Undergrad: 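Sharing a structure, written as structure tokens. Questions coming.
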Number of protein chains: 2
Amino acid sequence: MCELLGMSANVPTDICFSFTGFLHRGGGTGPHRDGWGIAFYEAGGYRDFRDPHPSVRSPIARLICDYPIKSHIALSHIRQANVGEVRLANTHPFTREMWGRTWCYAHNGQLEGWQALPLSYYRSVGDTDSEHAFCWLLGELRSRFPAAPSQEEEQREGFWRLLHLLCEQLRGMGVFNLLLADGEYLYTYCSTKLAHITRRAPFGKAELSDAELTVNFAEHTTPDDIVSVVATEPLTSNEDWVRMVPGELLVWQHGKIQARFLDEA
Amino acid sequence: MCELLGMSANVPTDICFSFTGFLHRGGGTGPHRDGWGIAFYEAGGYRDFRDPHPSVRSPIARLICDYPIKSHIALSHIRQANVGEVRLANTHPFTREMWGRTWCYAHNGQLEGWQALPLSYYRSVGDTDSEHAFCWLLGELRSRFPAAPSQEEEQREGFWRLLHLLCEQLRGMGVFNLLLADGEYLYTYCSTKLAHITRRAPFGKAELSDAELTVNFAEHTTPDDIVSVVATEPLTSNEDWVRMVPGELLVWQHGKIQARFLDEA
């Protein structure tokens, strides 16, 4: 299984603390030696760093820990390859442009029969089930929403419902835990395993589970900050993480849950 | 004016030497303080590093110099903003997926009336003339070639001729020096300023123009290596660079020129 890490915040926030714990799972405390990647949305722009080597020894990963990039949305993935060999083209996150926005995607799990999902606007560069599912997902969204939905409640809801439906369809094909973002929203969908925590004033201390590191968020925040972190497994040992339920889609914006969709079966 | 740097090689080659000289132009010997980026094609995969800060002081740029990433094709850009503010979304290179390949693009120059170029498949994320022209260019190519041209001489030539025609059209709108790549080929198009050099056995020494650094390529190469470098201005002081002529498109593969198209006016 791969590992996922996502962040949504109402102020530009660095992810160094969480990432430090997270990257130890890439060949340190975890078996995920087959590459890693991290993506940041900063002031309307997007960039990612990807490396097909174990994160725990990667000089690029060290840079990310030492050079605090502040963003509203970040997402990261550590890979344990199952479908597709270990190479850069198969390293998450994957990105495509839709409606003039950079969409970024990372997947944990494995799908069966994914080759049959029909592609339209977007094609895979690598050969993983994950990227194929992303191309299908985005193509389906685009064919139903050729332009971005307006900010009207009804339009926006309709788009999110469609996304939830497509995720449910993918869950029917195997395991599909998802992080997806477009710079405005972070979407997290749980098939088997995802947990989240929201930190806000009064801020306290947090201790990493995977590395010997404690941070006192009170020293790094202002009283209005709201920062949420989503991960495959809780990253800290002294906080109460909320586990998502299978079939649940959460829509995050500015560190808060804006909408929630559940398995209706 | 921005600065461009490209490389095509027949073996995975690092671009550290050229990039070291090049990045001094980003706020060191040059006035290009408005961000920089570099892209690598490695074993069928793609990644880029972009930073909206001056390259000469960028920790990410330092990493690129110290951590030799070996690739067949690399391209880099240092920005001096004219259209569009200094921010990540306006930082070259730009990328889009077409036919399951990652296309990467960097532009030097300025266009007039670019807003009128009609967009189809691809939309701008930022607000530069450069990215708009890229989205238009790729959209035109895709509408005429919905699938990749076959490797047949005629098909391939037809695609390259179309690319040349579109570049000529953009040159008619201002200054359009271009680096474009798809992982297989590197395309370089000259509107006003681009120069290139091909290094092969017997390899000699090269001295950077912008920094005090000499490299003896004979120590880092095998007799079969062919490495070509393209840049806005020659990067070394003791080698003979070939200047491209306005309206010239070169198609590079494995370090060699595969095709050449000239202004027919």
Side-chain angles (χ1 to χ4, degrees), chain A residues 35 37 39-53 58-64 66-71 84-91 93-103 119-127 131-132 134-135 138-139 142 146-148 182-183, chain B residues 35 37 39-53 58-64 66-71 84-91 93-103 119-127 131-132 134-135 138-139 142 146-148 182-183:
Chain A
F40 300 95
Y41 288 93
E42 303 163 65
Y46 170 89
R47 60 176 152 177
D48 61 40
F49 299 83
R50 290 180 302 122
D51 209 357
H53 310 297
S58 163
I60 304 175
R62 257 198 316 275
L63 175 85
I64 300 300
D66 295 344
Y67 178 55
I69 292 179
K70 290 180 183 264
S71 66
E85 55 181 325
V86 178
R87 59 188 182 100
L88 188 56
N90 289 339
T91 305
F94 301 106
T95 54
R96 293 292 185 281
E97 174 259 312
M98 177 166 76
W99 314 326
R101 297 183 199 165
T102 306
W103 289 75
L119 303 185
S120 52
Y121 296 102
Y122 305 99
R123 297 283 151 109
S124 279
V125 175
D127 49 12
E131 189 188 11
H132 189 102
F134 175 43
C135 291
L138 217 56
R142 184 167 169 168
D182 69 350
Chain B
F40 300 94
Y41 288 91
E42 303 163 65
Y46 170 89
R47 62 177 151 176
D48 60 41
F49 299 83
R50 289 179 303 122
D51 209 358
H53 309 298
S58 163
I60 303 175
R62 257 198 316 275
L63 175 85
I64 300 300
D66 295 344
Y67 178 55
I69 292 178
K70 289 180 183 265
S71 67
E85 54 179 327
V86 177
R87 59 189 182 100
L88 189 57
N90 290 339
T91 305
F94 301 105
T95 54
R96 294 291 186 282
E97 173 259 312
M98 177 166 76
W99 314 325
R101 297 182 200 166
T102 305
W103 289 75
L119 302 185
S120 51
Y121 295 102
Y122 305 99
R123 298 283 152 110
S124 279
V125 176
D127 49 12
E131 190 188 11
H132 189 102
F134 175 43
C135 291
L138 216 58
R142 184 166 169 169
D182 69 349

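In the text below, chain A, chain B and the rest are named by the order of the sequence lines, each starting its count at 1. Being a predicted model, the structure only gives us computed values, none of them experimental.
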Undergrad: Taking atom OH of B/Y122 and atom CE of A/M98, what is their separation to the nearest 0.5 Å?
TA: 14.5 Å
Undergrad: Using 0.5 Å steps for rounding, measure from the OH atom of A/Y67 to the CD1 atom of B/I60.
TA: 4.5 Å
Undergrad: Name the region of B/R50, side chain, backbone, both or neither, that has any atom closer than 4.5 Å to a heavy atom of chain A.
TA: both
Undergrad: Taking every non-hydrogen pair under 4.5 Å, which of A/G100, A/G45, A/A89, A/P52 racks up the most with chain B?
TA: A/G100
Undergrad: Looking at OH of A/Y121 and OH of B/Y121, how far apart are the two atoms once the value is rounded to the nearest 0.5 Å?
TA: 8.0 Å
Undergrad: Taking NZ, NE, NH1 and NH2 as the nitrogens, is one of them in A/R123 or B/E97 under 4.0 Å from a carboxylate oxygen of the other?
TA: no
Undergrad: Identify the two heavy atoms, one from B/L88 and one from A/E42, that lie closest to each other, and give their separation to 0.1 Å.
TA: CD2-OE2, 3.4 Å
Undergrad: Based on non-hydrogen pairs under 4.5 Å, which of A/P59, A/A43, A/S124, A/G126 is most in contact with chain B?
TA: A/P59
Undergrad: Does A/R47 pair with B/D51 as a salt bridge, N-O distance under 4.0 Å?
TA: yes
